[in-house]
Amino acid sequence: MFIIGLTGGIGTGKSIVSNYMQTLQIPVIDADKITREIQEQDRSLLCQLSQIFGKCILNEKGTLNRAILSEIVFSDENKLAQLNRVMHPAIWRQIEKLLKKYMEQEVPLVVLDIPLLIEVGWHHYVDSVWVVSIPLQLQIARVVERDRIDKEQALLRIKQQMSTREKQLYADVVIDNSQTMEKTQQQVDEELEKIPGFTWGKKLKIQITM
């Protein structure tokens with residue numbers, strides 16, 4: 001089984017590539033989706049987070065208030081590191097479960113859609129690192145439009161992540177998403193054709209119990 005690690009900075013359009021992969025019937029493991037599921041369903045982890053960051057991160061029904069948690073951790077690097085120490089092992093355990101299921105089903109290709117793929121070192125567990133890239137000014141413009149914030153705020157959010165230029169140093173494939181969607185899709189098709197022994201298969205829907 002060939003594993004692609006798909007990553008890219010905020011606003012670069014990684015989801016465009018990820019969504020296109022899914023239309024091609026390629027299984028995509030979405031780390032952000034796994035994170036949300038864990039935070040919603042894993043009561044012991046939620047309890048652990050409330051002990052670290054306070055009960056203010058919980059809604060009245062005991063569910064996680066992501067907005068408050070984000071406000072806490074993104075204004076304090078130490079608190080962000082604390083959150084990552086709790087969340088990353090739990091996220092990776094779920095990814096491993098999915099990978100095992102796909103391997104058992106002899107799926108030829110799986111994509112790991114992980115924003116922090118390189119930052120947390122998970123790029124060592126994939127066969128090919130794909131980085132979605134656009135020029136910085138276009139990235140700023142897209143973040144401004146998407147999040148309805150000003151340029152200064154957008155640039156601050158971008159700078160909180162590893163730069164696209166740095167990510168490209170780890171890349172086996174760079175997808176330029178600065179032009180049309182058709183151009184982006186064409187690049188994806190061309191790179192898929194280069195994968196040794198790749199054959200198109202039926203997408204498998206695998207349920208993982210938490």
Side-chain angles (χ1 to χ4, degrees), residues 1-36 88 91-92 94-96 98-99 102-103 107-147 149 151 154-204:
M1 184 172 72
F2 193 90
I3 303 174
I4 293 173
L6 177 65
T7 192
I10 180 174
T12 57
K14 178 174 59 63
S15 61
I16 290 175
V17 176
S18 177
N19 291 339
Y20 179 59
M21 293 280 208
Q22 292 184 70
T23 67
L24 298 177
Q25 305 300 301
I26 299 171
V28 175
I29 299 175
D30 185 335
D32 283 343
K33 181 180 179 182
I34 289 174
T35 300
R36 291 192 297 270
H88 288 168
I91 294 167
W92 186 252
Q94 294 305 116
I95 290 174
E96 284 187 312
L98 282 165
L99 287 174
Y102 283 128
M103 189 173 293
V107 175
L109 173 63
V110 174
V111 176
L112 299 187
D113 180 346
I114 305 177
L116 299 179
L117 176 77
I118 297 166
E119 290 89 329
V120 299
W122 292 347
H123 61 290
H124 294 298
Y125 305 117
V126 305
D127 298 299
S128 183
V129 175
W130 289 26
V131 173
V132 182
S133 173
I134 59 174
L136 178 59
Q137 291 306 313
L138 179 56
Q139 186 179 6
I140 293 171
R142 288 183 178 178
V143 173
V144 167
E145 181 179 1
R146 188 194 68 181
D147 297 345
I149 56 178
K151 290 183 179 180
L155 186 58
L156 180 61
R157 293 186 184 186
I158 291 169
K159 287 185 174 181
Q160 286 177 332
Q161 301 180 336
M162 180 185 288
S163 71
T164 299
R165 181 174 296 181
E166 288 178 282
K167 288 179 185 289
Q168 288 179 355
L169 297 176
Y170 297 85
D172 299 295
V173 173
V174 176
I175 301 295
D176 176 9
N177 190 39
S178 64
Q179 301 180 58
T180 65
M181 185 177 295
E182 288 73 19
K183 288 284 188 181
T184 297
Q185 293 174 350
Q186 181 182 352
Q187 292 173 70
V188 171
D189 289 343
E190 290 173 354
E191 293 301 331
L192 288 173
E193 291 294 331
K194 297 176 184 178
I195 296 175
F198 172 71
T199 55
W200 301 99
K202 184 179 180 181
K203 181 179 176 182
L204 301 178

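For the single chain, residues carry numbers from 1 onward in sequence order. These values consider heavy atoms only, across backbone and side chains, with no hydrogens, waters or symmetry-generated copies.
A donor-acceptor pair is defined here as one N or O able to donate and one able to accept, closer than 3.5 Å; no such pair exists between the side chain of Glu191 and the backbone of Val173. Without hydrogens or angle criteria, Thr7 side chain to Ile114 main chain gives a donor-acceptor distance under 3.5 Å. Under the 3.5 Å distance criterion, the side-chain polar atoms of Asn177 are left unmatched by any main-chain donor or acceptor of Ile134.
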Inset, instruction - Start with the C-alpha distance between Ile175 and Trp130, add both sets of side-chain angles, then the distance that settles side chain to side chain contact (heavy atoms under 4.5 Å, CB included), and finish with yes or no. - result: CA-CA 7 Å; Ile175 301 295; Trp130 289 26; 4.3 Å; yes
Legend entry - side chain to side chain contact (heavy atoms under 4.5 Å, CB included) assessment of Arg157 paired with Asp147: CA-CA 11 Å; Arg157 293 186 184 186; Asp147 297 345; 3.0 Å; yes
Legend entry - Pair Ser18-Leu6, side chain to side chain contact (heavy atoms under 4.5 Å, CB included): steps then yes or no: CA-CA 8 Å; Ser18 177; Leu6 177 65; 3.9 Å; yes
Legend entry - Leu109 and Leu192: CA distance, side-chain angles, deciding distance, side chain to side chain contact (heavy atoms under 4.5 Å, CB included) verdict: CA-CA 10 Å; Leu109 173 63; Leu192 288 173; 3.7 Å; yes
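Counting only N and O atoms by type, the side chains of Gln186 and Glu190 include a donor and acceptor under 3.5 Å apart.
In this structure the side chain of Asp127 never reaches within 4.5 angstrom of the side chain of Ile195, judged on heavy atoms. Contact of the Tyr20 side chain with the Ile26 side chain is not registered, since no non-hydrogen atoms from C-beta on lie closer than 4.5 Å. Under the 4.5 Å side-chain criterion, counting only non-hydrogen atoms from C-beta, Arg36 is in contact with Asp32. In this structure the side chain of Thr184 never reaches within 4.5 angstrom of the side chain of Val132, judged on heavy atoms. Contact annotation: the side chain of Val110 never approaches that of Leu98 to less than 4.5 Å [non-hydrogen atoms, C-beta and beyond]. The shortest distance between side-chain heavy atoms of Met21 and Ile4 falls below 4.5 Å.
Summarising the geometry of Val174 relative to Ala171, their closest heavy-atom pair is CG2-CB, 3.8 Å, with the distance given to 0.1 Å. Across all non-hydrogen atoms, the minimal contact from Gly11 to Val143 is CA-CG2, 3.9 Å. Shown here for Ala154 and Val144, the closest heavy-atom pair between the two residues is CB-CG2, 3.7 Å. Closest approach of Met162 to Glu119, counting heavy atoms only: CB-OE2, 3.3 Å.
For residues 162-185, the pairs satisfying ring-ring contact (aromatic ring centres under 6.0 Å, His included) are His123-Tyr170, with sequence neighbours left out. Within the structure, the side-chain hydrogen bond (donor to acceptor under 3.5 Å, both in side chains) test picks out the following pairs touching residues 132-146 (sequence neighbours left out): Ser133-Gln168.
Using cut-offs of 30° and 60° on the angle between ring planes, the pair Trp92 and Trp122 is tilted.
Rounding to the nearest 0.5 angstrom, the gap separating the CG atom in Asp113 from the CG atom in Asn19 is 8.5 Å. For the atom pair CD1 of Ile34 and CD1 of Ile95, the computed distance is 4.5 Å after rounding to the nearest 0.5 Å. Within the model, atoms NZ of Lys194 and CG of Asp189 stand 12.0 Å from one another, a figure rounded to the nearest 0.5 Å. Taken from CG in Leu117 to NZ in Lys14, the straight-line distance is 10.0 Å, to the nearest 0.5 Å. To the nearest 0.5 Å, atom CG of residue Leu99 and atom CG of residue Leu112 are 5.5 Å apart. Considering CG of Leu136 and CG of Leu155, their distance stands at 6.5 Å, rounded to 0.5 Å.
Around CE of Met1, the count of heavy atoms belonging to other residues, nucleotides or ligands within 6.0 Å exceeds 12.
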